[in-house]
Amino acid sequence: MTLDSPEAQADCLGKTHWLGKVYLVGAGPGDPGLLTLKGKTLLECADVILYDALVSPEILAMINPQAERIHAGKRRGRHSLLQTEITQLLINKAQSHPVVVRLKGGDPFVFGRGGEEMEDLIQAGISVEIVPGITAGIAAPAYAGIPVTHRNYSSSVTFVTGHESVDKYHPQVNWQAIATASETLVIYMGVHNLPHILAELQAAGKDPDTPIALVRWGTRPDQQELIGTLATILAQMAAAEFEAPAVAVIGNVVHLHSLLATSRPLPIPRAVE
Ligand code: SAH
């Protein structure tokens with residue numbers, strides 16, 4: 001499609017717009033089978049695609065081969081593009097291309113800056129639509145046999161970032177309140193800060209025997225799990241040389257791992273190169 005025509009354009013989802021449109025698409029946690037049908041359709045018809053570091057290669061392989069691909073991804077300490085540059089690029093691309101896809105790992109609105117990008121695009125007069133994805137904080141525990149809620153173990157769950165912002169304009173996480181606020185805690189971006197987080201939770205009264213699971217590369221063929229307690233997990237991590245990216249699940253639901261992990265959906269193995 002081009003934007004030369006004065007007519008409104010109907011894109012692959014049948015949506016009509018005069019200028020380009022940005023779709024903020026969640027790629028899910030890694031297993032390509034967990035991408036939404038809407039997300040897949042958009043990948044196949046995108047003219048431009050900006051994607052993040054945690055999007056899996058199988059999903060990148062679904063992208064329209066003619067599309068312009070831009071790696072905008074961030075991993076801890078390694079920024080490919082600044083957030084302001086990403087937003088400006090999305091604005092520029094949407095002014096000259098009908099379908100611009102901003103592809104993010106998991107769900108764009110869960111610790112993915114999707115809200116900020118959407119705000120900036122709307123302020124710049126660009127049409128934008130959200131396509132939610134399955135978030136790692138639910139899917140990675142699920143593939144490790146851990147339901148984040150369960151009638152016998154937990155009727156509440158809190159999703160929290162372990163990467164506390166040093167920026168004074170962003171609120172600090174209140175670990176004291178979180179320690180007792182809900183039965184299950186799911187911590188994103190917490191591997192690096194785990195010693196600090198565990199100390200805060202225990203200082204706030206969380207039992208050192210509370211079970212914890214770390215799930216790395218959840219739903220991918222190389223998924224790795226570490227199961228322990230608040231008291232033991234740091235030594236286990238050191239022994240296993242466990243690294244990010246992983247989610248941490250804290251609470252009694254982790255007990256279910258030993259029973260449910262036996263029939264979990266095993267990720268499809270990646271083809272050997
Ligand atoms: N928007 C994403 C989260 C982005 S923040 C989502 O909804 O899932 C990045 C953090 O997400 C990582 O540091 C890690 O804590 C978690 N994460 C993302 N993909 C993951 C995966 N496949 N397995 C385990 N954790 C993952």
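In what follows, every heavy atom counts, from backbone to side chain, and hydrogens, waters and symmetry copies are set aside. Numbering of ligands and ligand atoms starts at 1, following listing order. None of the values given here were measured: they were computed from a predicted structure.
Hydrophobic clustering places Ile227 together with Leu259 (ILVMFWY residues linked when any side-chain heavy atoms are closer than 4.5 Å, directly or through intermediates).
Put simply, CG on Asp11 and NZ on Lys15 are 8.0 Å apart, with the number rounded to the nearest 0.5 Å. Atom-to-atom distance recorded for Tyr23:OH and Leu43:CG is 12.5 Å, nearest 0.5 angstrom.
In this structure a side-chain-to-backbone donor-acceptor pair under 3.5 Å is missing from Ser182 to Ile178.
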Could you list each nitrogen or oxygen of ligand 1 that sits under 3.5 Å from a protein nitrogen or oxygen, with the atom names and the distance?
| from | atom 1 | to | atom 2 | distance (Å) |
| --- | --- | --- | --- | --- |
| ligand 1 | 1 (N) | Gly105 | O | 3.0 |
| ligand 1 | 1 (N) | Asp107 | O | 2.9 |
| ligand 1 | 1 (N) | Val110 | O | 2.7 |
| ligand 1 | 7 (O) | Asp107 | N | 2.8 |
| ligand 1 | 7 (O) | Asp107 | O | 3.4 |
| ligand 1 | 7 (O) | Thr135 | OG1 | 2.6 |
| ligand 1 | 8 (O) | Thr135 | OG1 | 3.4 |
| ligand 1 | 8 (O) | Ala136 | N | 2.9 |
| ligand 1 | 15 (O) | Met189 | N | 2.9 |
| ligand 1 | 15 (O) | Ala246 | O | 2.7 |
| ligand 1 | 22 (N) | Pro29 | O | 2.9 |
| ligand 1 | 22 (N) | Gly218 | N | 3.3 |
| ligand 1 | 22 (N) | Gly218 | O | 3.0 |
| ligand 1 | 23 (N) | Gly218 | N | 2.7 |

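By the side chain to side chain donor-acceptor pair (under 3.5 Å) test, Ser156 is found to be paired with Glu183, residues two or more places apart in sequence or in another chain being considered.
Of all heavy-atom pairs between His17 and Gly20, the closest is ND1-C, 3.9 Å.
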